[in-house]
Student: 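Structure below; questions to follow.
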Amino acid sequence: MPLAQNPLSVEVELPREDVALITVDGYLDVDTATEFQAHLANQLHHGRQHFLLDLSSVPFMDSSGMNIILRVYQETRQNAGSVHVIGPTPAVRRVLDLTGVSITVPISESVDEALARVDEGPQTPEEPGEQGA
């Protein structure tokens with residue numbers, strides 16, 4: 001059986017007990033999304049609340065990858081958690097911007113910046129009229 005044309009590499013590190021740093025290398029598309037999903041599901045199962053998704057080595061992402069990011073975002077929000085995308089390539093950033101995902105899921109340039117955002121707590125958009133209430 002031939003190897004996949006664009007194999008995906010996923011590495012998981014735990015900078016803290018409740019934080020999973022997931023470094024993805026390769027195309028994140030319909031052919032590789034299941035593997036990415038399995039790693040995220042495993043970390044959710046082990047009680048991780050915060051997900052740092054390093055996409056700096058992902059040259060291409062289609063709607064399959066984007067949908068997985070949104071799914072894990074929804075699941076983490078139910079448990080007071082968060083998802084942060086780190087250093088997306090220009091092509092991936094464009095997909096995140098065009099679909100509005102970058103409005104919902106914070107984008108950071110480094111792991112340290114993403115960890116600082118985790119420490120700040122949830123970033124919920126303010127409702128009009130809530131300022132100074």
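Only a predicted model underlies this, so the values are computations on that prediction, with no experimental measurement involved.
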Student: Which side-chain N or O atoms in residues 40-47 pair as donor and acceptor under 3.5 Å with protein atoms at least two apart or in another chain?
Tutor:
from : atom 1 : to  : atom 2 : distance (Å)
N42  : OD1    : H46 : ND1    : 3.2
Q43  : OE1    : R48 : NE     : 2.9
H46  : ND1    : N42 : O      : 2.8

Student: To the nearest 0.5 Å, what is the distance between CG (D18) and CD (Q49)?
Tutor: 5.5 Å
Student: Are the side chain of E113 and the backbone of E109 linked by a donor-acceptor contact shorter than 3.5 Å?
Tutor: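 Yes; at least one donor-acceptor contact below 3.5 Å.
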Student: Checking the side chain of S9 only, and the main-chain atoms of D25 only, is there a donor and an acceptor separated by less than 3.5 Å?
Tutor: no
Student: So, taking the atom named OH in Y27 and the one named OG1 in T32, what distance separates them when rounded to the nearest 0.5 Å?
Tutor: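 One finds 11.0 Å between OH of Y27 and OG1 of T32.
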Student: Kindly determine whether R16 and D119 satisfy side chain to side chain contact (heavy atoms under 4.5 Å, CB included), including the steps that lead there.
Tutor: CA-CA 12 Å; R16 298 197 304 232; D119 292 339; 2.9 Å; yes
Student: Between CZ of R93 and CG of D97, what distance do you get to the nearest 0.5 Å?
Tutor: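 Reported to 0.5 Å precision, the distance equals 4.5 Å.
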Student: Would you give me the side-chain donor-acceptor pairs under 3.5 Å for residues 50-64, sequence neighbours excluded?
Tutor:
from : atom 1 : to  : atom 2 : distance (Å)
H50  : ND1    : S82 : N      : 3.3
H50  : ND1    : S82 : OG     : 2.7
D54  : OD1    : S56 : N      : 2.9
D54  : OD1    : S56 : OG     : 2.7
D62  : OD1    : S64 : N      : 2.8
D62  : OD1    : S64 : OG     : 3.4
D62  : OD2    : V30 : N      : 3.1

Student: Got a sec: does the CZ of R94 have more than 12 other heavy atoms crowding it under 6.0 Å?
Tutor: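 Counting neighbours around CZ of R94, 12 or fewer heavy atoms of other residues, nucleotides or ligands fall under 6.0 Å, so no.
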Student: Given V12 and L21, is the side chain to side chain contact (heavy atoms under 4.5 Å, CB included) satisfied, shown in steps?
Tutor: CA-CA 6 Å; V12 178; L21 169 60; over 6 Å; no
Student: Can you list the steps and then say if T89 with V92 is a side chain to side chain contact (heavy atoms under 4.5 Å, CB included)?
Tutor: CA-CA 5 Å; T89 57; V92 171; 3.3 Å; yes
Student: Is there a side chain to side chain contact (heavy atoms under 4.5 Å, CB included) between V10 and T23 once you walk through the steps?
Tutor: CA-CA 6 Å; V10 179; T23 304; over 6 Å; no
Student: Examine distances only and state if a side-chain atom of E11 and a backbone atom of I22 form a donor-acceptor pair shorter than 3.5 Å.
Tutor: no
Student: Is the shortest distance from a Lys or Arg side-chain nitrogen in D112 or R117 to a carboxylate oxygen in the other one below 4.0 Å?
Tutor: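 R117 and D112: not salt-bridged.
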Student: About how many Å separate CG of L96 and CD1 of I103, when rounded to the nearest 0.5 Å?
Tutor: 11.0 Å
Student: Only one of I69, D29, V72 forms a side chain to side chain contact (heavy atoms under 4.5 Å, CB included) with F36, so which one is it?
Tutor: I69
